[in-house]
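Data first, discussion second: the structure below is written as structure tokens.
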Protein chains: 4
Amino acid sequence: MKRDKPKYKQIVDAAVIVIAENGYHQAQVSKIAKEAGVADGTIYLYFKNKEDILISVFREKMGIFAENVKEIIEKEITATEKLSKLIDNHFSLLYNDRHLAIVTQLELRQSNKELRSQINEVLKEYLMLLDSILKEGIEQGEFDRDIDIRLARQMVFGTIDETITSWVMNDQKYDLMKLAPEVHRLILKGMIG
Amino acid sequence: MKRDKPKYKQIVDAAVIVIAENGYHQAQVSKIAKEAGVADGTIYLYFKNKEDILISVFREKMGIFAENVKEIIEKEITATEKLSKLIDNHFSLLYNDRHLAIVTQLELRQSNKELRSQINEVLKEYLMLLDSILKEGIEQGEFDRDIDIRLARQMVFGTIDETITSWVMNDQKYDLMKLAPEVHRLILKGMIG
Amino acid sequence: MKRDKPKYKQIVDAAVIVIAENGYHQAQVSKIAKEAGVADGTIYLYFKNKEDILISVFREKMGIFAENVKEIIEKEITATEKLSKLIDNHFSLLYNDRHLAIVTQLELRQSNKELRSQINEVLKEYLMLLDSILKEGIEQGEFDRDIDIRLARQMVFGTIDETITSWVMNDQKYDLMKLAPEVHRLILKGMIG
Amino acid sequence: MKRDKPKYKQIVDAAVIVIAENGYHQAQVSKIAKEAGVADGTIYLYFKNKEDILISVFREKMGIFAENVKEIIEKEITATEKLSKLIDNHFSLLYNDRHLAIVTQLELRQSNKELRSQINEVLKEYLMLLDSILKEGIEQGEFDRDIDIRLARQMVFGTIDETITSWVMNDQKYDLMKLAPEVHRLILKGMIG
DNA sequence: CATGAATGAGACTTCATTCAT
DNA sequence: TATGAATGAAGTCTCATTCAT
């Protein structure tokens, strides 16, 4: 499996750095190859084309988000606590990889419809895990039984996403982690409190 | 003022249509010119460059959002009602201009950092109006006095944005307007209800 | 019609020169543009792609062959004389345009199947005119009534083609025109004489 | 001698198949290696470069044509009969190896000037054998003493070649062998008959 | 002898912008 | 003002060949 070879990871990691530092449209294959320390042609031994590099970046990195959330779900804690941990995890992973944060929140969104629809496929798994937490919370009586799961999911994800994007666009100059509890509180109790 | 001449609006409207129908990356200046019924060169009598067209699209169209919200704010109603009307207005404007919805939610996000930062400048006005509603709600005791305005704004905008984006990505096939009250309720009372 | 504009012909003529002097595989679009005295991009205002230039070269130039043969056919002379004039014309046109001779006999044959099948479409018209002369000769009793038209056409065209190709591959160093009468005689009376 | 080792023949035969099935421009070294059941690098133990494979294909295969003609020439039969047998042999060898027919008549002609001039070197031996038959025919009084040997050879070869190429381009769907006698007759007696 | 992963040069095409009319 | 023909820079990907094992 190509995905297990060291060069595959080398190239994916190089792509994150190059995109973060140069922007999506200035991330030429030759730059990624140079950053990864391989020849241009070597890229094409591991990836079908440039788009394939980008979707792989997303798949590899977002995969970690989903894996962590799976572990969270299996814990014996309340849905409220699971939601809190999901938010913490989401914030934490991007807080600790500044390059990745720039790539996911800003740069990869410049990609074309084709690529974004593939990215959405990857996101879907994550959103379904989020849904399962919401369902559990409703069943356990923690959350309002009348909420529309789809809308609630969009509120949760939309709020997280907007919060991180703002943080990135403000050059990551404040402490994102400190916002997590309040985000959690807002989502659960709303603005009325 | 060039902005008042008929061809200016013609070109802005043409840009919305061309981008919505062809996608951001397939919206060549020549296509916009053709749709507007002018020569390619004429575009440059009204706009500095292509980016200037796109930022103008956003400015002209989002201006309507802000104008409406200004009127809402001046009404003698509670902050809660104002927030509800803001959401209705946001949903309604995009619900009634399918092309514009595609352009703002999907296509314009593919633009580069430069353009998006200009777009954010335009958004800022809108977000400040939203902030003023939140402040008013807190001062009037309608909203929890301890909420972080910035975070609350990100929740409100993030939730609205994610909801509309999902609607667009699902080919606008369900009735967006019907979701507004529940979005409002979720934002205010959270998931606990 | 683009085909009537002066730049169209400029580019076609430039292509013939560049291909003849550099060979098919070294005839880059940029070289053709330079030879034609236009920018690279200008090529694409007149031709869909590189292949379209090459097929146009063939169409424009072979068109002259066919036109001349049409005139010959309309003359009130015997089929034998028409055949003789066809050979003369074929030899003469390539004899007087050395570059074109290299292009049709050597370089354009290196093109891919796709291009060659388009070239064959162009050739077909020419071969059908040749067929009509053969038919006339048979009907008038000049040629053997038992000959297979397709085979006879292949002999005529094959002999002409091979003769010119040999001349080109020998660097056009002998007088091609002098061979025409003997080619005609061989075709008509065969080797037995 | 490398040429005698089994892998040498394996690779040459693989090249014929790969070129016939994929076309000249899609006949990558790696495909030939795969078809031959060896590693890419192994090719270079037997051939100097890719061109060397192709010229070897031609040399090995056309060698059979020449060998057969040599045997024909040594027979105690008339030049007319020898010519007839040469045509039969030429047709037969390609009729019985459809892949080879495609390769010699269509694909190898797409090669560059360099390769084709090497191919012509190989052809020369064959053409000289043809010449010797023609000379013999003239000396024996079977053929017209006034024919130009070079032109006659070009007629013979051009006619054979054009006939086979047409057959290949028509997807080999009629019986090539049946055409041989008429080709022979046309060459000898011409169209007047 | 044999392997096959790695190399890296090279060209077609698009499209925002200009400027002579 | 308006036109639209012309410009020219810039990047992805292929594939013959090498060389360490």
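Heavy atoms only: backbone and side chains are in, while hydrogens, waters and symmetry mates are out. The sequence lines fix the lettering, A, B, ..., with proteins before strands; numbering per chain opens at 1.
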Measuring to OP1 and OP2 of dA6(E), would you say a side-chain N or O of Y46(A) lies under 4.0 angstrom away? yes
Euclidean distance, atom [atom1] of residue [X] to atom [atom2] of [N] [Å, nearest integer]:
X      : N      : atom1 : atom2 : answer
I32(D) : dG4(E) : CD1   : C1'   : 17 Å
I43(B) : dG4(F) : CD1   : P     : 13 Å
Q10(C) : dA6(F) : CD    : C1'   : 12 Å

Taking atom types as modelled, is there a side-chain donor on Q10(B) or K7(B) under 3.5 Å from an acceptor on the other? no
Select from V38(C) and K7(B) the residue whose nearest nucleotide in DNA chain F is closer to the 5' end of that strand. K7(B)
Approximate separation, where rounding is to 0.5 Å, of L106(C) CG and R116(D) CZ: 5.5 Å
Is D13(C) salt-bridged to K61(C), cutoff N-O under 4.0 Å? yes
Taking any heavy-atom pair under 4.0 Å as a contact, classify K34(D): base, sugar-phosphate, or nothing. nothing
Regarding F47(C), tell me which of base, sugar-phosphate or nothing describes its non-hydrogen contacts under 4.0 Å with the strands shown. nothing
Is there a Watson-Crick or G-U wobble partner for dG10(E) with both distances under 3.5 Å, and which nucleotide is it? dC13(F)
Could you please name the partner base of dA20(F), counting Watson-Crick and G-U wobble pairs only when both distances are under 3.5 Å? dT3(E)
Can you classify the ring geometry of Y8(D) versus F47(D) as parallel (below 30°), tilted (30 to 60°) or perpendicular (above 60°)? parallel
At under 4.0 Å between heavy atoms, how does the protein contact nucleotides 9-16 of chain F? Give one character per nucleotide, 5' to 3', with B, S or -. --SSBBSS
As a test of understanding, state which of R109(B), Q105(B), Q110(B) forms a side-chain contact (heavy atoms from CB on, under 4.5 Å) with E107(B). Q110(B)
More than 12 foreign heavy atoms under 6.0 Å from NZ of K9(C): is that the case here? no
